[in-house]
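This report refers to the structure that appears directly beneath it.
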Amino acid sequence: MLAALLQQADFVRPDIDWHALAPELTLLAVGALVTLIDVVFLEKGRKISPTIAGLGLLTVLIPIITLAVDGVASNPRQAFAGSDVYVVDGYSLILKALFVLIGYMVVLMSTDYIGEGDYWESEYYGMLISSLLGMVVMASARDLITVFVALELLSIPAYLMATWRKRDIRSNEAGLKYYLNGVFASALMLYGMSLLFGVTGSTVLSEINAGLGDGTASKPIVSLGVVLVIVGFAFKVSAVPFHLWAPDTYEGSPTPVAAFLAVAAKSAGFVALMNLIFVGFWSQNEIYGPALWILAALSMTIGNLTALRQENLVRLMAYSGVAQAGFMLAALSVAGESLDVAQTSVSAVVTYLIIYAAMNLGAFSVILSVSRRTRTAHIRSFNGLFQWSPALAIIMTVFLASLAGIPPMGGWFAKFGVFSALIEADVWWAYVLATLAAVNTVIAFGYYGKLASRMWFEDAPTEFETTPIRLPFALQSALVITATATIAFGVYPGMITHFSDIDVPGVAAAVGG
Amino acid sequence: MYLVQFLILSSVLFCIGVYGVLARRNAVLVLMSIELILNAVNINLIAFGAFNGAAIPAEVFALFIIAVAAAEVGVGLALVLTIYRNSKNIDLHQVDLLKG
Amino acid sequence: MSTTYLATEASNLAVEASGFFLENVWIIPAIMAASFVVILGFGKRMPRGGSEVGIAAVAVCFVLALLTAGQWIGQVNEAAACTPETCDYIVDEHHDAEADADEHHDEEGAFQVDTGVGSSDGESASALTAFTEAEEGSTAAAAKAVVSERTWWSNGGINFTVGTMVDGLTVTLLVVVTLVSLLVHIYSTDYVAGDRRFTHYFGFLSLFTAAMLFFVTSANVLQMIVGWELVGVCSFALIGHWWEEQPNSDAALKAFLTNRVGDIGLLIGMIVLFFASDEKWGIIEINAGAIEGTTSHTLLLIASLCLLAAVMSKSGQFFLHTWLPDAMAGPTPVSALIHAATMVVAGVYLIARLYGVFFHGLSIGGSSINALAVIGAVTTLVGASLAFVQDDIKKVLAYSTISQLGYMTLALGVGAWTAAVFHLTTHALFKACLFLGAGSVSHAVHSFDMKKDMGGMRKFMPTTYKTFLIGSIALAGLPPLAGFWSKDEILAGTGGWGFFEGESHANGAYTIMLVMGMITAAMTAAYMTRVMYLTFFGEFRGGHHDDAHHGDPHESGPRILWPLRILAGLAVVAGLMNLPKGFLGLPSGWTLRFEHYVEPLAATGYFPKISHADPSWSLAIFSTLVVASAVGVAYYYYFVRVNAQSPSATELVNGPTERSRLLKAGHTMLKNRYYLDHIYDGGEPVGAAGANAMGTIFGAAAGLTLGFSLDNGLNQPFWPSVMWGVILGLTIFTIVTAALRTGMGIASVVKQPMANAANWVHENVIDAAVDEVGKNSVKTADALYKYIDQGVIDGSVNAAGRGSQGAGGELRRWSTGKVQQYATVMFAGATLLAGLLIIVI
Amino acid sequence: MEAFLDDWGLTLVTFVPLVGALVMMATPKEEESAHKMIALGTSLIAAVFGVLLLFNFDYGDAGALQFVVDKEWINVINSRYIVALDGISLPLLILTLGVVPLCIIYSFGHFPEPHNPKAFLSLILVLETGMIGSFIAQDLILFFVFFEVVLLPMFFLIGVWGGDDRRYASLKFFLYTLFGSALMLVSFLALFFLADGTNSTMAGDVVSATERTFDMRLLSTGATAGIARSAQLWVFGGMFIGFGVKVPMFPFHTWLPDAHTQAPTVGSVILAAVLLKLGTYGFVRIAIPFLPEAAAAWAPVIGLLAVIGIIYGALGCLAQTDMKRLIAFSSVAHMGFVMLGISTLTDFGINAAIFGMVAHGLITGMLFFVAGSMKDRYHTLDMGRLGGLLLQAPKLGWILAFAAMASLGLPGLAGFWGEFPAILASYNPAAILNESVWRAFMVVAALGTVLAAGYLLWMVQKTAFGNPTEEFANDPHIRDVSKFEWISWSPFLVLIVVFGFYPNAIFNLTDDAVIGSLEVESVVVLNIDGDPIEVVNANGDVITVANSSGCLEQEDGIDCFNNNRIKAERAAAERLASLETASGN
């Protein structure tokens with residue numbers, strides 16, 4: 001039956017480049033292993049599942065490294081011979097590595113949180129790894145179907161992780177909000193995809209680009225399609241006005257999950273957006289350019305302004321994340337001006353993602369650490385932190401400074417890249433956006449600085465014990481790693497640019513080299 | 001048969017779905033409305049595929065959507081159930097502890 | 001550094017002067033500076049609190065100054081005996097010795113400026129002609145100033161030098177300053193003995209002397225600025241010596257700030273000169289440029305007017321003189337040294353030093369009126385009239401000083417250069433004598449109030465009395481004491497007497513100045529008679545404090561009396577230094593010695609060609625008669641009438657001003673010092689500064705504006721002209737306001753008595769006009785700070801912050817927590833975005 | 001030793017304090033004396049290296065960059081670790097190296113609440129690294145990084161150890177500066193993309209002269225020649241705000257009084273002595289040499305704001321009742337003189353400005369020290385309540401009076417040489433500027449000197465003269481200058497006098513460097529085909545004409561210009577022509 005069907009479809013299985021797929025397969029295996037451990041060892045497996053998950057994630061780096069050594073950066077590989085559906089190149093590889101490392105950091109952050117909270121562990125890590133798998137796939141996805149599948153693969157486990165504290169109604173609410181908004185956004189995106197498929201007759205992004213570029217397609221439909229697809233991912237990166245779920249979800253979900261959503265899910269959204277822009281919509285600059293410009297301007301401004309008045313640190317970080325996403329969108333909004341600018345903005349966004357991951361995970365780690373004592377994420381709980389836990393205060397200051405973009409912490413270089421792309425574009429709207437971005441860095445310091453001044457300038461609160469906080473090893477490691485990375489990236493940005501200075505995905509092929 | 005007839009059908013479905021998502025207070029009805037949107041997408045895809053001579057990718061895409069939608073609804077119902085267990089209520093307007 | 005300052009006229013004949021002391025005169029101020037450092041550092045640990053260091057230093061300086069003077073006289077004599085064959089001389093063309101000069105300069109810091117030496121062998125013929133054609137009466141070659149310079153700082157590739165310039169004027173001041181300073185030092189050891197800040201006092205005396213000497217030996221105007229400001233600070237510190245009392249520190253502040261107002265003029269004037277003379281600071285270069293005519297006349301005029309503002313403040317010329325009487329808050333020896341003999345003549349010295357600039361800038365020659373002469377004449381009259389009504393003996397002397405400084409300015413204004421410098425010298429001697437005498441008296445009675453606490457002092461203090469009497473006669477200008485000779489020269493120098501007697505060879509015909517000078521001479525004689533009577537005659541009116549330990553006043557000790565004796569002696573003989581030409585048939589080697597040695601000749605290139613007025617017997621006799629009759633009237637009034645009418649020996653009768661309404665009004669006005677202080681004072685010194693500043697701003701700005709505009713042919717682009725417009729507009733506003741109010745008030749002025757008028761003018765015209773613009777700069781500042789800075793600028797910044805916070809609060813409400821509203825926003829966003837793009841594209 | 005200094009001297013000077021800060025972080029908080037010694041020690045080590053550099057500096061060649069280190073840093077944007085020292089940087093570097101140890105010594109005797117020497121001193125050391133780095137960086141991005149590094153430590157110094165309103169003040173300080181520096185960064189980037197490093201006359205001498213460059217050496221020597229005038233104006237505008245906020249120029253000044261008033265004494269001193277100089281240094285080192293044409297267009301604005309600042313700052317002072325706030329406002333006025341000097345665009349004015357920076361650093365720093373010590377003694381700086389300082393603490397009072405005299409520009413003390421030459425320079429601004437305008441500025445600035453005397457003497461009178469108020473008449477806390485105070489103050493006092501008497505100590509250093517920075521280098525003019533036809537110098541004079549084979553005869557032989565060097569475009573020639581026309585008028 002199946003054979004007959006295949007024959008009817010004239011289907012020949014393409015050659016599969018197993019090496020190119022090795023990271024995904026390894027990740028899959030790790031996920032399976034973690035789930036199996038639970039099945040086999042039951043309660044006894046609880047203790048080791050985070051370790052297995054963590055080690056497993058590090059193992060995934062091995063095929064990534066071998067691929068890098070193999071030179072995919074200069075010589076992209078097609079996972080399925082002759083098809084642009086799934087491509088492993090320098091761009092996707094660095095992002096895969098980033099996702100895996102983010103996953104590892106989240107494992108470090110989660111170990112004690114999940115372990116102490118009497119939650120299911122192996123399922124948690126299983127979900128985490130599934131979601132990561134979706135992201136890793138997303139990095140290489142060059143086809144609407146693959147993009148869709150990757151998106152759902154990364155989203156569905158995330159909905160569940162957000163609801164992980166299932167007896168806590170706030171966590172339930174967080175998950176529900178994320179879920180409903182998420183599926184609605186997916187549905188809109190799918191509608192857009194269907195339109196794009198309709199006008200081009202293909203689901204492969206490079207072919208869509210060709211189809212859109214030949215000028216035969218109906219402009220309004222193309223515009224609607226492109227916008228709806230962008231909206232789908234703008235939701236993922238929590239760009240204004242598609243950001244409202246983020247603060248609620250982050251606040252309600254377990255803090256490590258919030259960090260995961262804020263960093264990994266957002267990065268995945270950007271990866272998808274870049275895939276679409278540089279491969280699928282490259283010829284449609286007049287559509288995605290203004291759309292992203294508007295989203296960027298709104299996200300930066302509204303994200304920062306709203307953050308000024310937040311009293312819950314997680315919500316504050318959520319709005320801060322909205323604003324940071326606005327910065328990255330700003331770089332993307334001018335990417336279509338020329339290939340040079342595209343090059344700069346891809347580098348800028350990837351650099352931004354890496355630095356953002358380090359500093360944001362770090363900030364969430366500190367919040368997690370402090371709330372271990374205070375049991376709240378209210379901004380007041382940070383009062384006088386410098387007096388009673390100076391190390392945490394200093395580390396948090398590093399992250400805040402980095403988020404605000406103050407050298408020598410990494411954040412400055414991230415913002416620098418964005419400015420650099422905007423100015424290289426050399427068009428007036430880019431300069432306007434650059435000025436707006438400059439103003440926004442100032443507004444942003446309004447709340448970062450206020451938090452810093454709470455930690456340093458205020459007296460310690462009295463409602464809980466103010467002795468130095470002792471942290472479990474995993475959390476300590478997370479803090480040290482993120483802080484070191486944040487400072488090192490800022491002092492010697494060459495560390496990142498070595499990796500992030502990659503070719504624009506697919507464009508070379510799309511514009512004919 | 002014209003393509004536009006299918007497109008009109010799908011857009012009507014889409015609109016109904018969107019209305020349902022935005023207006024119904026019952027979480028389960030919202031889930032169903034989302035299914036309507038997804039079905040609008042499927043109709044679009046199949047119709048475009050048929051008229052463009054690209055039937056196979058269209059059908060594959062539609063199949064994936066159906067499968068994934070099933071998984072999504074499963075998760076969705078699970079979430080609704082949990083909420084119901086904790087608050088005895090699935091009115092979405094009551095779910096607003098987190099805000100501001 | 002090129003040195004093409006020597007004029008090109010055929011009569012240029014100058015001799016290089018040299019000599020150890022002339023070249024190394026920097027040692028003198030350096031010794032005093034070192035003395036200051038030593039006193040400050042170790043004075044308190046010394047047996048006599050550091051005074052011994054100061055005295056020793058200044059004594060050494062005095063000796064050095066005398067040696068320098070001697071050497072200079074030798075140089076001048078040598079030059080005078082010089083013929084083209086026997087000595088080096090210069091016939092200066094626009095010689096191209098610049099390279100030569102640079103070489104000199106690079107080789108060693110100290111070099112002779114006369115770079116043309118020996119470079120003109122081929123032109124001896126013309127030199128010979130020049131020699132014979134040299135000015136009548138002086139076949140002598142000119143001795144050139146000795147200049148030694150070193151690099152001080154460099155900027156924009158230009159090296160600026162620091163150095164000394166010594167010529168007759170310099171050595172005069174060197175001797176005067178060190179002499180008076182030495183005497184004051186000695187005097188002070190007694191006068192301020194036991195003061196809690198004895199050491200500080202001597203430290204500042206040393207610093208002042210150093211600064212003053214630095215000022216007079218300056219080779220360039222930049223150094224002059226430095227010295228000028230430094231003496232100002234020392235004056236500030238010494239006026240405020242007893243700063244525990246608010247009035248003293250107020251007086252100090254007032255002095256300093258008033259001087260600062262003048263300093264605006266100094267800075268701008270010097271800057272204008274610097275650029276006008278092709279980026280040169282050197283006094284010689286600047287003067288030479290002005291004399292040769294290479295410097296733009298407009299710029300010279302602007303510069304001299306600006307500098308005049310500085311002179312007005314430093315040398316107490318009307319209307320910036322008000323600080324000087326207040327400065328009497330300082331210890332009396334300080335008043336003698338700083339506020340009579342030396343610092344206050346800095347302005348006069350400045351004009352004398354830059355005479356080329358003033359002479360040509362203000363076109364002194366061949367005229368009958370100019371700013372300098374007018375300011376001088378007005379000052380001299382105002383000062384003398386105000387001296388009449390003072391009860392405080394020091395204030396009388398202070399106003400007298402103002403008056404005499406006006407005399408000097410007047411002299412410079414009419415071209416009588418030597419007369420001015422000569423008067424400066426003699427005045428320093430007799431006025432120091434008078435001040436120290438007043439100090440001696442007050443030391444005895446612990447007061448300065450002549451009416452309340454003095455009287456009959458000649459019995460208690462015979463030596464002080466005698467010296468004071470000599471000083472008074474010298475000041476009054478009765479022959480043969482010093483004041484007579486110098487005053488007479490000034491009066492002759494006005495050229496105004498030529499009106500009666502024909503050609504006088506003066507620079508112009510300044511008849512008005514002559515008249516005003518004459519009136520002043522009479523008034524001077526009269527008020528000094530008054531002082532003599534009130535202080536030394538009649539019965540002793542003091543002692544009512546009934547301090548047991550004071551008892552009767554007694555004569556001061558030797559450290560006070562010897563300086564008095566010396567100064568009195570000098571006041572007697574100093575006039576003989578410059579006997580008029582042909583006086584009693586004396587040979588030329590006996591007359592005009594001061595002029596001969598002090599006044600530079602035009603041949604040096606840095607001094608303008610001025611004419612010298614012929615002395616006049618008739619004028620001398622007339623002025624002596626005027627003075628004598630003034631003395632006589634005053635004597636009759638005080639010694640005869642007042643003495644007779646006084647109800648008791650220790651109580652004075654009311655003066656005529658108490659009885660005649662008109663006289664009383666005048667008296668009131670004088671008592672109020674023409675109300676000038678009220679205009680300046682906003683109640684406190686800062687207010688004074690503010691009002692002064694505002695008044696000066698508009699004057700200066702308008703003047704400068706006009707000047708610059710003219711210089712630029714009024715060819716202004718748009719926005720500078722807007723600025724000018726604003727400045728001019730404000731000026732005009734001021735003037736119009738004043739005029740309107742004056743107009744409205746004319747009627748009442750006619751009706752009302754003088755005093756009310758004066759008061760009215762004060763309140764409604766000057767005060768209103770000046771104050772309406774900047775009544776009180778503190779108030780302006782307060783308003784500016786409150787409304788503009790904190791209100792507008794800071795306010796807008798804070799408002800931006802508050803606005804952001806507010807927006808944040810508003811935006812926060814978007815997040816309602818209702819999931820479907822989120823979805824609605826999302827869908828609306830998507831629709832709007834898509835709709836927008838569909839429509840646009 | 002010399003080779004070592006050449007390679008490592010500047011790097012060590014910069015980072016030794018940072019190392020000290022790290023060591024302190026590793027040391028337990030309780031070891032207070034150890035912290036004090038480490039802080040003082042490291043800052044002294046840095047100072048010793050500074051002195052070594054001072055001795056090894058080639059004064060004959062003060063206009064050239066010395067001790068150059070040029071290493072790779074961020075390759076992807078051609079940003080390099082380039083540090084070097086010339087006559088402009090040296091005085092400011094030494095000022096910084098001197099001020100910091102003195103501040104540390106001072107702090108030993110006056111730890112502000114809430115104490116914590118560990119944090120306080122390590123922040124100062126971090127601050128030192130940032131300040132030094134800014135003065136020696138020769139790469140725009142490196143400069144930017146160091147420029148920003150100073151922000152956070154100062155933010156915390158004010159915020160933790162400051163006065164009652166410290167949170168507001170510190171945040172305000174930070175936000176202002178951040179705003180300026182964000183725009184400044186945008187301008188730097190615009191330069192990066194618009195300029196062409198290979199156009200520079202130094203292109204041959206620099207290791208990697210790429211088209212897009214942040215290398216300040218290239219950007220100041222012709223790399224910016226091809227930028228369109230309108231773009232230059234915008235770029236300059238961005239830098240103007242960035243540096244102007246830091247200076248601070250009117251109307252960006254309102255952060256300063258708050259920051260100064262609230263900051264702890266040492267913070268105020270460092271802020272006044274060094275931090276404000278970063279802004280003016282930026283103008284002198286970056287904005288003007290890079291974009292001379294735009295500078296000429298902006299100069300009237302700079303000059304106008306400068307004189308407004310002079311008068312405005314002075315009037316602001318007169319309105320104050322708090323002594324520290326008064327001194328803070330006086331900074332606005334004094335920096336106005338510095339900016340006035342800069343606005344003339346002449347070597348004369350800019351030299352004056354640099355002198356003014358150093359002088360203001362010493363004098364206002366000294367005033368803040370005194371104010372801080374008075375606050376320690378009286379616990380208030382309300383001038384209405386003070387008085388009679390000279391009676392209770394005569395030495396302190398005399399030092400106050402001395403510093404006030406220096407601040408009001410008394411000749412013979414350092415302040416004069418910043419003020420007077422600036423006024424002088426504005427009589428005769430650069431040829432392309434309208435001299436009437438600057439002469440008007442000159443008059444207003446001269447007026448400012450009177451007001452300066454007014455408010456400073458008023459302050460001295462209120463605080464030092466008279467008799468002590470009853471409140472403090474018998475207060476035993478009011479003692480005279482202490483040991484720590486003497487040690488930390490005497491260098492300030494001595495230098496104020498030394499520079500006053502011998503200004504050449506600084507002018508001599510800066511003069512060559514400033515002249516060099518203002519020179520428009522000669523430019524090769526090409527014909528339409530891109531062949532060189534002649535070389536034109538800064539005055540628009542033709543130096544060399546190409547011979548028939550297209551070769552230019554240069555001093556060092558015939559140069560046929562290989563293609564790499566033929567980069568100068570017609571725009572450059574036109575620009576020179578326009579400059580020539582402008583200066584011709």
Side-chain angles (χ1 to χ4, degrees), chain C residues 151-157 225-230 233 236 240 243-246 249-250 253 256-257 260-261 263-264 267-268 271-272 274-275 685-686 689-690 692-693 696-697 700-701 704-705 708-709 712 716-717 719-720 723-724 727 777-778 780-782 784-786 789 793-794 797 801, chain D residues 172 175-176 250-251 253-255 300 312 314-320 346-348 351-352 388 390-391 405 408 410-412 416-417 420-421 423-424 427-428 434-437 439-440 442-444 446-447 449-451 453-455 457-458 461 464-467 502-504 507-508 511 514-515:
Chain C
T151 299
W152 192 8
W153 52 298
S154 51
N155 194 344
I225 297 176
V226 175
W228 180 277
E229 300 275 347
L230 284 177
V233 169
F236 169 78
W243 37 252
E244 285 91 340
E245 280 85 49
Q246 170 99 11
S249 60
D250 277 351
L253 252 70
F256 196 81
L257 294 180
R260 272 264 152 173
V261 173
D263 289 349
I264 301 179
L267 291 183
I268 294 176
I271 289 170
V272 172
F274 173 73
F275 286 103
V686 177
N692 273 358
T696 316
I697 280 186
L704 291 171
T705 304
F708 289 139
S709 312
N712 291 321
Q716 304 284 358
W719 81 266
M723 229 172 84
W724 296 129
I727 295 175
S777 62
V778 178
T780 322
D782 275 335
L784 188 76
Y785 176 69
K786 194 168 156 202
D789 192 76
I793 300 177
D794 207 31
V797 172
Chain D
K172 195 173 180 183
L175 291 183
Y176 252 109
F250 176 89
H253 66 280
T254 59
W255 64 269
Y312 187 91
L315 293 177
C317 285
L318 288 174
Q320 302 308 320
T346 55
D347 40 20
F348 207 99
N351 273 325
L390 272 169
L391 282 177
M405 282 294 171
L408 63 82
L410 185 73
F416 178 72
W417 299 109
F420 176 71
I423 300 174
L424 181 71
Y427 185 86
N428 214 15
N434 181 328
E435 62 182 26
S436 315
V437 175
R439 287 181 189 174
M442 173 185 78
V443 176
V444 181
L447 183 79
T449 60
V450 181
L451 294 175
Y455 61 75
L457 292 182
W458 179 57
Q461 187 192 25
F465 291 160
N467 286 306
Y502 189 62
N504 221 19
F507 279 126
N508 198 21
D511 201 21
V514 168
I515 294 173

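Protein chains get the first letters and strands the later ones, always in sequence-line order, with residue 1 at the start of each.
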Of all of D:G412, D:A453, D:G388, which one pairs up most often with chain C through heavy atoms under 4.5 Å apart? D:A453
Qualifying residues under side chain to side chain donor-acceptor pair (under 3.5 Å), relative to D:T449, sequence neighbours excluded: none
Test log, rule side chain to side chain contact (heavy atoms under 4.5 Å, CB included), inputs D:N504 and C:T151: CA-CA 8 Å; D:N504 221 19; C:T151 299; 3.9 Å; yes
One option among D:L408, D:T346, D:L175 has the most heavy-atom pairs under 4.5 Å with chain C, and it is D:L408
Under a 3.5 Å threshold, yes or no: a donor from one side chain and an acceptor from the other, between D:Q461 and C:D250? yes
Using non-hydrogen atoms and a 4.5 Å limit, figure out which bit of D:L390 sits close to chain C: side chain, backbone, both or neither. both
Under 4.5 Å from any heavy atom of chain C - which part of D:W417: side chain
Rounded to the nearest 0.5 Å, how far apart are CD1 of C:I264 and CD1 of D:I423? 9.5 Å
Roughly how far, to the nearest 0.5 Å, is CZ of D:R439 from CD1 of C:I271? 11.0 Å
For the student: nearest non-hydrogen atoms of C:F236 and D:L457, plus distance: CZ-CD2, 3.8 Å
Minimum heavy-atom separation for C:W152 and D:Y502, please, with both atom names. O-CE1, 3.8 Å
Mind checking the CG-CZ spacing from C:L267 to D:F420? Nearest 0.5 Å is all I need. 6.0 Å
How are the rings of C:F275 and D:Y427 set to each other: parallel, tilted or perpendicular (split at 30° and 60°)? parallel
Heavy atoms only: give me the nearest D:A464-C:W243 pair and the separation to one decimal. O-CZ3, 4.3 Å
Turns out that what part of D:D511 lies under 4.5 Å from chain C's heavy atoms comes down to side chain
Reported CD-to-CG distance for the pair C:E245 and D:N467, which is rounded to 0.5 angstrom: 7.0 Å
C:E244 versus D:L391, closest heavy-atom pair with distance: OE2-CD2, 3.5 Å
Would you call C:W228 and D:P411 a side-chain contact if the rule is heavy atoms closer than 4.5 Å? no
